[in-house]
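Each chain gets a letter, A, B and so on, in the order its sequence line appears, and its residues count up from 1.
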Amino acid sequence: MPAPFRIYNSLSRNVEDFEPLRPGHVGLYVCGMTVYDDCHVGHARAMVVFDAFVRYLRYRAWDVTFVRNFTDVDDKIIARASEAGVEPLAWAQRYIDRFHEDMSSLGLLQPSVEPRVSTSMESIQALIGRLVADDHAYEADGNVWFDVASFSEYGKLSGRDEEGLSNPDSFGGKRSPRDFALWKAVKPGEPSWESPWGPGRPGWHIECSAMAHETLGATFDIHGGGLDLVFPHHENEIAQSECGNHAHYAKIWMHNGLLVVPGGRKMGKSEGNMFAIRDAMTRFPAEAIRLYQLQNHYRSPLLWLGNESLTDALAKLARLYDAREVAESFGGQQDADEVASALGDDAAAVLELGRSFVERMHAALDDDFNTSLALGHAFELARAINRFATHKKARKRGGPIVAPALAGLQVLSEALGLLSLTTEAFQDEVKAKRLGALGLDAAAVEAKIAERTAARQAKDWSASDAIRDELSGWGVEVRDTAAGTEWRLRLSDGDA
RNA sequence: GGCGGCAUACCCAAGUGGUUAAGGGAGAGGUUUGCAAAACCUCCACUCCCCGGUUCGAAUCCGGGUGCCGCCUCCA
């Protein structure tokens with residue numbers, strides 16, 4: 001039996017015990033991208049949050065069908081493509097490819113299914129057909145409109161009543177300002193598909209209803225997306241789906257909070273403050289971006305301070321990696337409890353913390369996916385490890401003491417996609433990305449380090465210190481350890 | 001204007017009725033180090049936007065106020 005969990009449902013405005021429609025299975029539909037431009041850090045929030053959520057559910061033995069769509073037929077795509085003199089679908093394909101590159105470099109899972117509007121025309125038209133047949137929709141001048149008045153529950157998700165529900169689409173004879181387009185009659189120069197109502201293309205909302213129905217059925221477990229989609233998009237999805245399928249739509253609506261910039265505005269293409277994932281990825285490791293996104297609760301707004309945010313996340317990530325590496329270096333074969341009683345309170349503390357770690361992580365994540373609390377537990381464990389590591393005998397005998405902690409930290413990689421690399425691979429990625437940003441190359445740094453090592457061996461401290469100061473000026477920090485001199489790139493300040 | 005949400009230290013942030021209000025970052029002092037870095041230790045909110053109320057007891061519930069944000073137009 002998969003583990004039970006609780007999740008906030010935007011529809012009921014309450015945290016609810018999750019009850020699957022099918023035992024052991026979760027059907028999840030997440031609104032994906034309209035592919036007319038590159039994915040920015042704000043989009044990454046939704047992508048990372050749901051990626052981590054899916055990972056966690058699978059880790060907890062749920063069988064998850066994860067659907068995330070592409071909107072590849074849309075006004076903005078047509079407009080951009082036309083400016084560029086490219087076919088709209090080719091333009092969309094270009095950004096689908098780039099999206100896939102971005103997701104892959106961020107280390108995100110592929111959804112189980114990635115339906116597209118352009119290849120879902122049959123199910124879209126079938127759903128519109130059912131709505132027309134049942135008088136939930138009507139045709140006018142080659143457009144098909146959803147008749148909002150025909151659905152008494154309209155507004156139940158967004159909490160709006162009639163006054164707040166006017167829809168601005170105004171072309172082609174709709175009956176009420178609240179009605180919205182299911183099918184838009186073709187206009188010159190636009191892509192179109194044949195339909196019973198004449199050539200045209202789908203309205204914005206119908207696609208998700210149709211694709212969710214096609215991939216998950218009329219009723220499914222969880223529908224996710226950004227908080228900004230609640231109205232009108234998700235409200236309209238409910239109306240179309242419940243009227244067209246004569247069934248309740250998603251049981252749970254899960255909305256992620258938005259990224260906001262210091263002025264307080266959310267990040268958005270229309271706000272002119274977007275920061276592309278691929279730009280962030282040239283300077284920071286993927287996991288720093290993940291940690292940044294997961295460090296507060298998924299429903300809260302998250303402040304974006306540019307490089308400062310990622311530098312902060314990178315420092316935190318390095319702390320976790322370092323602590324894990326320290327623990328991995330411990331040896332010893334004795335019984336853990338015997339070692340603990342021999343080595344004292346700090347040993348006993350890590351042992352205890354390690355043993356309860358997984359349980360506490362599960363408790364945090366089962367409670368409305370509280371990644372912030374979960375990460376808090378991880379830092380607490382890291383400190384306990386480091387504290388224990390200050391004891392002289394820890395390295396030789398501490399292995400059994402930190403074994404439960406190390407096993408527990410696996411949760412982070414399996415469930416959240418963090419700490420999934422070796423420390424060395426992680427540091428290599430940091431170096432590879434940040435050397436470029438600092439305008440350095442590794443060979444030059446290594447040469448200086450070798451020079452300094454020679455000076456140190458000669459106990460020529462002033463020469464050694466001069467070299468260290470020079471490296472420091474470059475943004476390189478040296479770390480003299482028992483095993484030799486390591487170097488790292490400074491995380492703070494001087495960011496290119 | 002309507003609907004929804006948020007307000008916890010210098011910054012990020014957990015906690016939503018009951019031990020000393022998690023955790024991280026920054027800062028100060030100390031230990032360690034050839035000197036550093038990292039790490040560790042100590043300090044850093046008698047208090048949770050404000051005012052009332054409920055309660056034996058509230059950051060947590062209720063009412064009012066203030067501020068901020070999202071949506072109402074495309075939006076993760």
Side-chain angles (χ1 to χ4, degrees), chain A residues 10 13 15 30-34 36 39-50 68 71 74-76 79 155 157-169 204 224-233 235 255-260 263-271 274 291-292 295-297 299-303 305 308-309 311-313 315-316 318-320 322-323 326 346 364 367 370-383 385-391 456 459-462 464-465 468-469 472 476-481 485-488 490-492:
Chain A
S10 304
R13 299 200 171 87
V15 176
V30 176
C31 284
M33 295 279 295
T34 298
Y36 69 96
C39 193
H40 61 63
V41 193
H43 298 123
R45 177 139 173 92
M47 304 309 156
V48 169
V49 160
F50 287 105
R68 188 179 59 210
T71 297
D74 166 85
D75 291 345
K76 284 193 299 290
L157 177 67
S158 58
R160 279 154 219 261
D161 57 21
E162 299 200 12
E163 302 314 308
L165 294 170
S166 152
N167 187 292
D169 285 346
W204 173 35
L227 197 56
D228 52 351
L229 294 177
V230 171
F231 186 87
H233 186 56
E235 193 69 61
H255 290 107
N256 63 274
L258 305 179
L259 218 65
V260 297
R265 308 292 301 172
K266 74 169 179 176
M267 178 175 290
K269 292 169 184 173
S270 53
E271 306 286 340
M274 61 173 280
L291 178 60
Y292 163 68
Q295 69 188 328
N296 78 347
H297 188 93
R299 285 195 279 123
S300 302
L302 178 59
L303 187 66
L305 297 173
E308 193 181 329
S309 293
T311 301
D312 180 78
K316 291 174 176 176
R319 182 171 165 81
L320 294 176
D322 284 348
V326 164
D346 289 341
D367 184 11
N370 193 337
T371 52
S372 183
L373 180 58
L375 288 171
H377 294 326
F379 283 108
E380 209 175 351
L381 185 63
R383 190 179 50 179
I385 289 170
N386 284 332
R387 174 186 237 168
F388 172 53
T390 62
H391 290 250
R456 290 185 73 225
K459 294 203 190 306
D460 183 350
W461 305 126
S462 65
S464 158
D465 289 352
R468 191 183 61 216
D469 290 345
S472 177
V476 175
E477 284 176 349
V478 298
R479 202 181 273 198
D480 298 322
T481 72
T485 298
E486 294 173 9
W487 62 278
R488 301 228 170 150
R490 186 162 53 225
L491 299 179
S492 55

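Residue A:Asp480 places its side chain closer to B:A36 than to any other of B:G24, B:A36, B:A14. Nearest to the side chain of A:His297, among B:A14, B:A76, B:A36, sits B:A14. Here the nucleotide nearest the side chain of A:Asn296, chosen from B:A76, B:A38, B:A13, is B:A13. For A:Arg479, counting side-chain heavy atoms from C-beta on, the closest listed nucleotide (B:C69, B:A76, B:A37) is B:A37. Distance from the side chain of A:Lys316 is smallest to B:C12 among B:C12, B:C72, B:A76. Side-chain proximity of A:Glu380 to B:G5, B:C40, B:A22: nearest is B:A22.
Across every strand in view, B:C46 sits unpaired, with no contact that passes the Watson-Crick or G-U test at under 3.5 angstrom. Pairing for B:U73 is absent, judged as Watson-Crick or G-U wobble with the two contacts each under 3.5 Å. Across all strands shown, nothing is found opposite B:U19 as a Watson-Crick or G-U wobble partner with both distances under 3.5 Å. Using N1 to N3 plus N6-O4 or O6-N4 for Watson-Crick, or N1-O2 and O6-N3 for G-U wobble, each under 3.5 Å, B:A7 pairs with B:U66. Base pairing of B:G34: no nucleotide in any strand meets the Watson-Crick or G-U wobble criterion (both distances under 3.5 Å). The partner of B:A58, taking Watson-Crick or G-U wobble pairs whose two distances both stay under 3.5 Å, does not exist in any strand shown.
Atom CD in A:Glu235 sits roughly 15 Å away from atom P in B:C3 (whole-Å rounding). B:C40 atom C1' lies 16 Å from atom CG of A:Leu381, rounded to whole Å. One atom, CZ of A:Arg13, and another, P of B:C6, lie 11 Å apart when rounded to the nearest Å.
OP1 or OP2 of B:C40 sits under 4.0 Å from a side-chain N or O of A:Asn386. One finds no side-chain N or O of A:Asn256 lying less than 4.0 angstrom from the OP1 or OP2 phosphate oxygen of B:A76. Put simply, A:Arg319 has a side-chain N or O that comes within less than 4.0 Å of OP1 or OP2 on B:C40. Neither OP1 nor OP2 of B:A39 sits under 4.0 Å from any side-chain N or O of A:Arg383. Put simply, A:Asn370 has a side-chain N or O that comes within less than 4.0 Å of OP1 or OP2 on B:G15. Contact between the side-chain N/O atoms of A:Arg456 and the OP1/OP2 oxygens of B:A36 is not found at any separation under 4.0 Å.
For the salt bridge (Lys or Arg N to Asp or Glu O under 4.0 Å) criterion with A:Asp322, the lone passing option out of A:Arg488, A:Lys316, A:Arg383 is A:Arg488.
Within the nucleic acid shown, A:Arg488 has no heavy atom closer than 4.0 Å to any nucleic acid atom. In this structure, A:Val478 reaches the bases: a heavy-atom distance under 4.0 Å links it to at least one base atom across the strands shown. Contact annotation for A:Gly32: backbone-only contact, meaning every heavy-atom pair under 4.0 Å involves sugar-phosphate atoms and none involves a base. Residue-level contact check: A:Ser472 touches neither bases nor backbone, having no heavy atom under 4.0 Å from any strand. Contact annotation for A:Gly42: base contact, defined as any heavy-atom pair under 4.0 Å involving a base atom. Across all strands shown, A:Gly376 has heavy atoms under 4.0 Å from base atoms, whether or not it also approaches the sugar-phosphate.
Nearest-nucleotide mapping onto RNA chain B: of A:Arg299 and A:Asp465, the residue sitting toward the 5' end is A:Arg299. Heavy-atom nearest nucleotides on RNA chain B were determined for A:Ala378 and for A:Gly257, and the one closer to the 5' end corresponds to A:Ala378.
Side chain A:Arg387 to base B:C41: no donor-acceptor pair is found below 3.5 Å.
Between the C1' atoms of B:A38 and B:U47, the separation comes to 34 Å (whole Å). Nucleotides B:A22 and B:A14 are separated by 15 Å at their P atoms, to the nearest Å. The same atom, C1', is picked in B:C44 and in B:G34; the two are 32 Å apart, to the nearest Å.
Distance alone, capped at 3.5 Å, is enough to place a donor-acceptor pair between the A:His43 side chain and the A:His40 backbone.
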